[in-house]
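So the structure is just underneath, and the comments pick up after that.
Chain naming here is simple, since letters A, B, ... match the order of the sequence lines and numbering starts at 1 in each. Hydrogens, waters and symmetry mates are skipped; everything else that's a heavy atom, side chains included, is used.
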Number of protein chains: 2
Amino acid sequence: MAKIKVELKERSYDIMIGCGNLPELASLVRQEKWGREVFVITDPLVNDLCGDTVRRGFKAKPVTLEVPRGERFKNLRVAEKLYDELARLGAHRDSLIVALGGGVIGDLAGFVAATYMRGIGYVQVPTTLLAQVDAAIGGKTGVNHPKCKNMIGAFYQPKAVFIDVSTIATLPARELRTGLAEVVKYGLIEDADFFKFLEANAHHLNTKAFEDEGTKRAALGLWQTIVGESAKIKALVVEKDERETKARMVLNFGHTVGHALESLTRYRAYNHGEAVAIGMRAAAKIARRLKLLDEEVEARLTALLEKLGLPTEIAGLPAKKIVDALAIDKKVIGGRVNFVLPERLGKVVIRDDVPLTLVKNVLNEMGAK
Amino acid sequence: MAKIKVELKERSYDIMIGCGNLPELASLVRQEKWGREVFVITDPLVNDLCGDTVRRGFKAKPVTLEVPRGERFKNLRVAEKLYDELARLGAHRDSLIVALGGGVIGDLAGFVAATYMRGIGYVQVPTTLLAQVDAAIGGKTGVNHPKCKNMIGAFYQPKAVFIDVSTIATLPARELRTGLAEVVKYGLIEDADFFKFLEANAHHLNTKAFEDEGTKRAALGLWQTIVGESAKIKALVVEKDERETKARMVLNFGHTVGHALESLTRYRAYNHGEAVAIGMRAAAKIARRLKLLDEEVEARLTALLEKLGLPTEIAGLPAKKIVDALAIDKKVIGGRVNFVLPERLGKVVIRDDVPLTLVKNVLNEMGAK
C-alpha cells in the first residue's frame, strides 16, 4: 500500500492506497487501537459489493448501518436516524465509524462522527473514484439543506483514508466520469505534468478495460497512479489551509458555476463531476474574457473533458437563474462571488471581481438561454 | 473589564468579565473584525431583559433570532429552524453569531455556529451564573437527544466569552443556586482557598442583596470575584484537555450521578445545578466508602450546599433506575462508568472501578428507594 501523509499537526493522518487491500482494514484498526466497537455506515449497493470483504477481518463483527442510496438522503433526517441507532446500540466515544461508500456516505457518516457525542473517530473508506480523489480527503463533512448543498457540516478529520482502487472497477461509466472531472481539476490547478499525463492516457480512462480480467489488472495499475497523484495534490492543498479560509479555495475551480447548476437543477440533471466539468469550462472562458488565459489552454481543457465523455455545454437552462444561484453559495464572502480562474496549466488565481454580466455572457455562449 | 485568556493555540480566546459592560460588545466586534453581519440568537425573556442593550451599539442593527425558552427546545428541530433562518437571511462564513442567554442558548447557538457552513464565528454572551462560570467556557456545544443530554454536538471554540455579571441580578433565586453548584465544584476539585472563601461568604450568595440598589452594587462586586475565579479554573482545565479525553474529566465531578438524575426525570424534577449538588454529595459519599476521603470534607461539602439552598437528598427515586441511567452517559468508556471522586479539598481522582452496588447503597442512603 502507498501512504500519503496529510500533515495537520495533532490531526494528521495517512491516506493509504492499494489494490485489493480492503480485507486489511480490520487489522489496521486493531493495531492502531482506533475503536473498541466498529460501526460500518454504508448503502445497500456498496454493502452488497464490499461489505463482507470489509467485515471479514474483524474479530468482533462490526454492526452495519445502512442508509438509503443517493444524494437526496444526505440530510439531517437521515443523520438523526443514525444518531438514534448509535445511541440504541450503545456507541460511545471510543467507538469507530467506518464510512464505506461514495461521497454521500463519506460526508454523512463523517458528519455523524463529527457530532455524535461531540466527535468520535472515523475512517473514510471511499469506494468511488470521486470520493477517493476528493470527498474523502480533507475532513469536510456535512449534509445538505434544501437551500444549499453541504450547508450543515463540520471540518472533522478522519483517523485515515483507506482506499482500495479495485472498488472502482465496479462503477458504471457515468460514475467513473464524475470522478475524472475532479482529476482533471487537479492537473489544471496544480500540476501541468499530471494534466499532460491525463491527455496522453485519456483513451484508457473509461470502464472498457474492466470488462476483461486480463486488461483489468493493468488498468487498475493506471488508476492507482491517478488516484495517488490526485490524493497527493489534494493533501497538499488541505495542509496549507485546513478550514478553507483562502488557499484551499483553489479546489473550488469549476465549483462556483458547478454548484449553482447542481442546486438549480436540484441535483438531478447533472452529477457532481458533470456540473464541475461545465463549471471548469465556464471558468476558463471567464479567464479568457478577462485576458488571464490564452486560447490554447481553454481548448485543451475542453478537448480533454470531451475525450473523457464529460459535458461542456449547458443544455438550455436560464443563464439568469444560474447567476442568481451563485449568490447563496458558501464561497460568497462579503457579498462577493469568488471565482477560481486558470492562468495557465497548473496555476489558478482567485478573483472576486468578476462582473456577473460577463458570467452571464459566458453561460449564454455555452448554451444557456 | 477583567480578561482571562484561554490558551488553545490558534483557537485561543479571551473571557472578558465586567459589570454593566454589555453595551461595549458592539465596538469589540467591530474592532476585532469578528463578523460583517451579526445574528443574535436568544430567547424571548433574555431578549426583553438585555436584547436592546446589546444591539444598541451596533451600527448595522443585528438580526435577532428568538428560540423558545427551555432545555427541551435545545434539540435538532430548533437547530434546523435556525439553519433555515440563517440561510434565508443570507448568513455567510463571515457572519457572526452572538449567543445571548443561558446555557441552553449557548449550547444551541454554539452548535449552530459550529455546523452552519462547516463553522462560522460566534461569541458567547452568557447571562446566567451557570453559563458564565461553566457552559459558555470551553467550546462544548450541542443539542439533546431523547436518549441523552448533549448527545449531538461539537467541540467548537468561540471568538470570546463576554460576561456582564450585572445580568445575574435579574435571575430568580433557583436559577442563581443552580450556578452556585458549579461554583462549589470548582472549589472542591481545584482550589481549597476558593472553597473556604465560599464557605465564608455563603450567607451573601443569594438574591437578597439584589432587592436594593445600594446593596446590589456591593453584591455584584462579590459576584464578579466568584465568576472570575470560577472562569479561571475552568479555563485552566480546558487548556489542559480541549476535547475532554482525560484531564477535563475532573469537571464532571458530581455529573455522573447528576446527569443520570436529570435524564431519568426527563430534565423536569431537577435543574442542572440541583442534580449536580446531589451528585457531588453522592461522589463524596462514594469516596468515603472507598476510604479516599475523610468525614470532615464530606460534612463541609454537604453543609455548604445546604447553606446555599441546594438539595442533597434524592426524593424517593428508584436507586436501580439511577444506576441503569449511568450506563448510557458519554462519560462511560469501554463499558466502565467513570466517577470523579474527591480526595481532599481542591483534589479529585478519576476512578472507573466503583462497584455499582456501592453506588446503589449510597443512593439509598441519600433517600433513593
Original post:
salt bridge (charged side-chain N to carboxylate O under 4.0 Å, His left out) with Lys74(B): which residues, sequence neighbours excluded?
Top reply: Glu71(B), Asp107(B)
Subject >> From Met117(B) atom CE to His145(A) atom NE2, the distance as rounded to the nearest 0.5 Å >> reply: 10.0 Å
**OP:** Search all heavy atoms of Arg118(B) against all heavy atoms of Thr141(A) and return the closest pair with its distance.
**Re:** NE-O, 3.0 Å
Original post:
More than 12 foreign heavy atoms under 6.0 Å from NZ of Lys61(B): is that the case here?
Top reply: yes
Original post:
Just how far is it from atom CG of Asp84(B) to atom CD1 of Ile152(A), taken to the nearest 0.5 Å?
Top reply: 7.5 Å
Subject >> Any side-chain heavy-atom pair of Glu10(A) and Lys9(B) under 4.5 Å >> reply: yes
Original post:
Hey, are the side chains of Glu80(B) and Arg77(A) touching, using non-hydrogen atoms and a 4.5 Å cut-off?
Top reply: yes
Subject >> Test ring pair (Phe, Tyr, Trp, His ring centres under 6.0 Å) applied to Tyr156(B) - qualifying residues, sequence neighbours left out >> reply: Tyr122(B)
Subject >> Where Ala87(A) and Met151(B) come nearest, the two heavy atoms and their spacing >> reply: CB-CE, 3.1 Å
**OP:** State whether the number of non-hydrogen atoms from other residues, nucleotides or ligands found under 6.0 Å of Arg72(A) atom CZ is greater than 12.
**Re:** no
Original post:
Is any side-chain heavy atom of Thr245(A) closer than 4.5 Å to a side-chain heavy atom of Arg93(B)?
Top reply: no
